[in-house]
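Worksheet for the structure shown next.
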Amino acid sequence: MSQHDRYDAIVAGAGHNGLTTACYLAKAGLKVLVVEKNDWIGGAAVSRALHDGWTYSNCSYVCSLLRREIVRDLELPKYGLQVIPYEGGASFTKGGDYFAYMSDHDALRREIARHSLRDVDAYERFSQTVIRQCRFIRPFLLRNAPDPTSMKPRDISELLFLVKQAHDLGSKELGETLRFWSMSIGDFLDEHFESDLIKAHIAGAGIIGTGLGVYSPGTAYVLLHHYMGDVDGTIGAWGFARGGMGAISNALGACFEEAGGKIVMGSGVDQFLVRDGKVTGVALENGDEYHAPIVASNMDVKRTFLQHTETKPLPDDFTKAVKRFKIRGSSGKLNIALDALPDFPAAPKGASFLRGDMHCSESLNELERAYDDWKEGRWSQNPYFDMLIPSQIDPTMAPPGKHMMTVFVQYAPYDLEVDGVRAGTNWNDATRKAFSDCVFDKLEQACPDIRSKALHAEIRTPWDIENEVGLTEGNIFQGELTFDQLLFNRPVPGYAQYDTPIDGMYIVGSSAHPGGGVMAAPGANAAKEILRNIGKRGAMSGYAA
Amino acid sequence: MSTKTYDAIVIGGGHNGLAAAATLARKGKSVCVIERNETCGGMARNAAFTNGSLAAQIAHLLYNLNPKVAKELGIGSAKAPLQTKELPTVSLQEDGNHVVIRGTSASLSTGAAHPEAAAFDALISRLTRFAALLGQMSTKSPPALEGGLMDLATLGELAGLAKLGFDLKRMGKKEMREFLRVILSNVYDLILDDLEDSPLAGAMAADAVRGAYAGPRSPGTVFSLMYRLGQGGGAQLPMGGMGAVSNAFEAAARAAGVEILTGKGVARVLIEGDRAAGVELDDGGSLQARAVLSNAGPNATMMLAGPEHYDVEAVRRMRNQRCKGTAAKVNLLLKSAPQCTGLNADLTAGRILIAPSATYVERAFNPAKYGELPKDPVIELVIPSLTDASIVKDGQHVLSAVVSFVPYGLEGGWDEAAQQRDQALTLATLEKYAPGISDLVMEQQVMSPADIEAKTGAPGGHWHHAEMGIDQILTVRPANGTAHYRFGPEGYYLCGAGAHPGGDVTGVAGRNRAFQLLKDGVL
């Protein structure tokens with residue numbers, strides 16, 4: 001039984017990037033269909049009620065990278081999106097102390113001084129450098145990555161834009177930029193700070209979501225990737241989407257439907273239909289077929305081409321490049337329903353930093369050892385985590401007086417090693433439980449009564465994330481953020497402008513430039529590219545018009 | 001003490017210092033090299049066992065000598081003789097299924113074809129092509145960027161980069177894309193995308209990280225492998241030991257008229273009116289010169305002139321140089337030639353690697369990060385006496401081993417007990433592949449990274465004076481703003497491995513500095 005509906009464009013996957021592409025295309029007047037395998041939309045930006053009365057942002061959990069140009073173009077606040085910034089954060093030690101990060105500059109200086117007088121000045125230098133680098137990189141996020149091998153006028157003009165931006169940095173800053181982009185976050189912090197605890201507190205942002213350690217070159221850039229966003233213009237700030245991260249997807253979905261788009265849920269793409277090198281539509285797992293001359297895949301590049309497209313018509317080099325594209329799952333998550341707010345005995349009662357991101361890692365070496373475990377196929381025995389209790393700021397996440405805790409855990413391997421065999425299928429109830437126990441043990445460093453307050457915990461491993469969300473190996477960025485996979489190399493050299501060897505088929509997810517995070521930039525840039533290619537460049541609304 | 005004013009004084013008689021001195025002297029300048037040790041040679045020197053047999057004290061093979069430098073200085077000519085022999089590489093496996101690598105061809109030690117020979121050939125050939133392209137940057141100045149990108153002088157230097165870009169383009173789109181993809185990548189993924197994880201992969205991984213504070217999974221290690229392949233990657237054994245290489249550089253320098261003063265340390269560099277004016281020696285004497293070149297590490301070079309001559313930022317940069325040495329040297333004097341399981345005598349004379357897989361190499365690096373010795377170390381060894389009997393007595397043999405991932409900052413420090421642990425670890429590892437070797441040992445020499453620092457002044461005992469990471473090469477080597485060889489005060493230059501293009505026995509860093517000094521019109 002098959003349906004033969006014709007559309008101008010089909011988007012496979014209702015993640016935030018797919019929905020963004022769909023919105024821009026629909027607003028440009030195209031008849032657009034979004035197909036989604038789950039019974040809900042959002043991909044990894046979802047709010048799910050998995051324990052009665054609680055809402056979990058069960059994948060992504062905080063918001064900063066979402067480009068404000070896109071928020072404005074698509075009028076997302078009109079569709080219910082509200083981002084509430086949170087302030088500060090803390091790292092707790094075994095010895096009962098903590099380092100607190102505070103957005104109040106003077107308070108922060110006093111807190112740093114409590115750990116090291118010297119680091120007070122170091123922090124000023126550190127933050128100046130990071131802000132400068134953020135300002136440098138932000139203009140590139142909503143532009144195409146130029147192909148340096150191409151002589152096309154637009155590639156050359158994009159390259160010239162890059163040269164101009166580099167030139168405007170001035171000689172000294174240009175040298176610093178070259179260095180910063182190729183350094184490890186560990187070395188960068190070592191040359192600024194002396195306090196291990198402060199270094200550990202900052203370093204987390206350099207490894208979140210990656211298969212790299214704090215001393216792997218390139219992780220200073222990853223830190224930037226987590227600092228280059230903003231909340232209401234405050235660069236580097238993070239916030240909660242009210243109602244959970246699903247609020248972003250729901251706003252995008254509402255915008256899309258109001259623009260005339262249609263979403264079909266409950267059956268994923270079985271096969272992208274290709275004839276004579278051109279895409280003709282999609283066949284779903286339930287047998288339905290939909291046809292369109294344009295198909296945008298929000299799935300990562302591996303899943304798109306190695307699982308759902310016949311590889312025979314693809315150039316061998318392309319298939320090989322897709323196969324070697326690195327998408328390594330390195331993180332897991334615990335989403336916990338709390339009966340009451342846990343006690344943080346080290347912190348002053350009601351301290352503002354308890355409403356921010358909390359950690360229990362005390363040194364760079366501890367973080368690096370966590371990475372060594374992962375390389376061997378084990379979860380970190382002494383893991384890094386990024387823990388928040390969003391219900392303190394957004395009461396819609398839990399029943400009155402109760403709380404919701406989100407714990408992002410690194411590192412956890414996709415292919416867990418058991419008895420010498422590494423496989424995703426080694427993740428079962430027993431190993432999941434052992435993983436969760438290991439995280440709870442470490443959470444007790446900050447809040448010793450956490451076990452008695454926990455009513456329910458959802459344990460998510462890279463294996464679970466792959467199976468539910470569809471992210472290959474559970475990698476949250478749809479591909480490592482290393483330089484061999486950024487800019488014109490992302491996802492495949494020669495196909496870094498959202499196009500693929502198949503006519504009319506596009507990659508619009510985080511596998512494409514500028515990469516992962518709830519940023520929506522790949523989706524928006526891809527829409528711009530699609531409209532340009534069909535001669536409707538003028539129909540693009542908003543930032544790219 | 002002479003009252004003569006030299007055109008230039010070179011601090012340190014390592015091969016780069018000698019290359020700089022020789023280059024200047026050949027342009028008619030009066031040059032004096034001052035060496036703290038009794039003989040020149042830096043890391044390329046011989047050490048004698050008690051009976052007079054010789055072994056390479058630190059570096060033991062030559063693979064990156066720049067032919068342009070050798071030709072300019074006459075290295076290998078009658079005036080500065082140097083003979084070398086290229087060795088095959090043998091990557092060992094405990095079960096005796098060893099891999100033999102000659103150039104781009106891989107085979108098994110049994111003589112049979114290696115199942116991955118074609119894939120290896122394609123991979124290593126491509127890397128060697130890329131390395132040759134990058135090699136053209138080594139003898140040029142790195143772009144200084146000082147006047148901004150549009151400055152005329154900078155544009156001239158950027159022309160070097162433009163030429164590289166042009167040559168890349170000429171390789172075709174596909175090759176250019178591959179170059180741009182792999183250049184910043186890690187060698188572990190690059191190798192394992194094409195090869196199984198075996199001694200063949202292990203050999204490539206080990207070559208990429210030897211001497212470096214990096215494991216094969218660290219991004220930037222494809223670049224370090226390419227750097228090593230700059231002259232094709234063939235390992236040359238110098239006849240007469242590694243000391244013969246320094247002797248050749250020294251002979252070339254003397255032939256050009258360079259004076260060499262040994263056994264004298266430099267206490268400080270004399271600065272007059274923000275200009276280098278000479279050096280003060282440890283014994284209180286002083287020598288005058290119109291320019292001073294330092295073959296020491298970047299931070300030591302700064303300290304010799306005094307940090308007051310540098311801005312705060314530069315001082316901070318020098319103090320934060322990444323230069324943690326990770327290679328120790330162990331030399332064994334053996335009663336007779338050892339027998340590696342499954343290896344014939346011919347191959348035993350080769351460059352032998354203990355790096356049975358890329359994963360093994362990564363695992364060996366892990367403990368070094370925490371100041372611990374590796375459990376199973378990566379070793380590069382050679383038994384030079386099998387090729388060159390002149391260096392030993394009475395049918396004995398010497399085994400020269402570079403043990404990787406032995407940390408400079410060993411937990412607890414480098415005392416005698418630590419040296420013994422390092423020695424025992426090396427022997428125990430060798431014993432797995434050459435059973436019975438321990439019984440042949442007559443005498444041992446150990447150089448930890450701390451010893452290497454003490455002996456040669458190389459910061460952290462690091463082979464390259466500063467880690468060859470992407471964040472410390474080209475325009476930012478040794479640090480942003482000091483890449484142009486001129487180092488602080490006018491007439492003061494860094495001429496060692498800490499400057500562009502970097503380490504290995506290449507002679508390029510010294511030679512480049514000499515040319516830059518002449519170009520700057522200091523003399």
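Please read all numbers here as calculations on a predicted model, not as lab measurements. To find a chain, count down the sequence lines: A is the first, B the second, and so on, and within it residues start at 1.
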Report which part of [X] has an atom under 4.5 Å of a heavy atom belonging to chain B: side chain, backbone, both, or neither.
{"X": "A:Tyr371", "result": "side chain"}
{"X": "A:Arg369", "result": "both"}
{"X": "A:Lys323", "result": "neither"}
{"X": "A:Gln485", "result": "neither"}
{"X": "A:Asp187", "result": "side chain"}
{"X": "A:Asn489", "result": "side chain"}
{"X": "A:Leu487", "result": "neither"}
{"X": "A:Asp317", "result": "side chain"}

### Task
Only counting residues at least two apart or in another chain, list the ones meeting salt bridge (Lys or Arg N to Asp or Glu O under 4.0 Å) with B:Arg210.
B:Asp207, B:Glu380

### Task
Tabulate, in ascending numerical order, the residues of residues 163-179 of chain B having at least one heavy atom closer than 4.5 Å to a heavy atom of chain A, or enter 'none'.
B:Lys169, B:Lys173, B:Lys174, B:Met176, B:Arg177, B:Glu178

#### Entry: Salt bridge present between B:Lys324 and B:Glu467 (N-O < 4.0 angstrom)
no

### Task
Count the heavy-atom pairs under 4.5 Å between each of B:Asn320, B:Ile473, B:Val222 and chain A, then report the option with the highest count.
B:Asn320

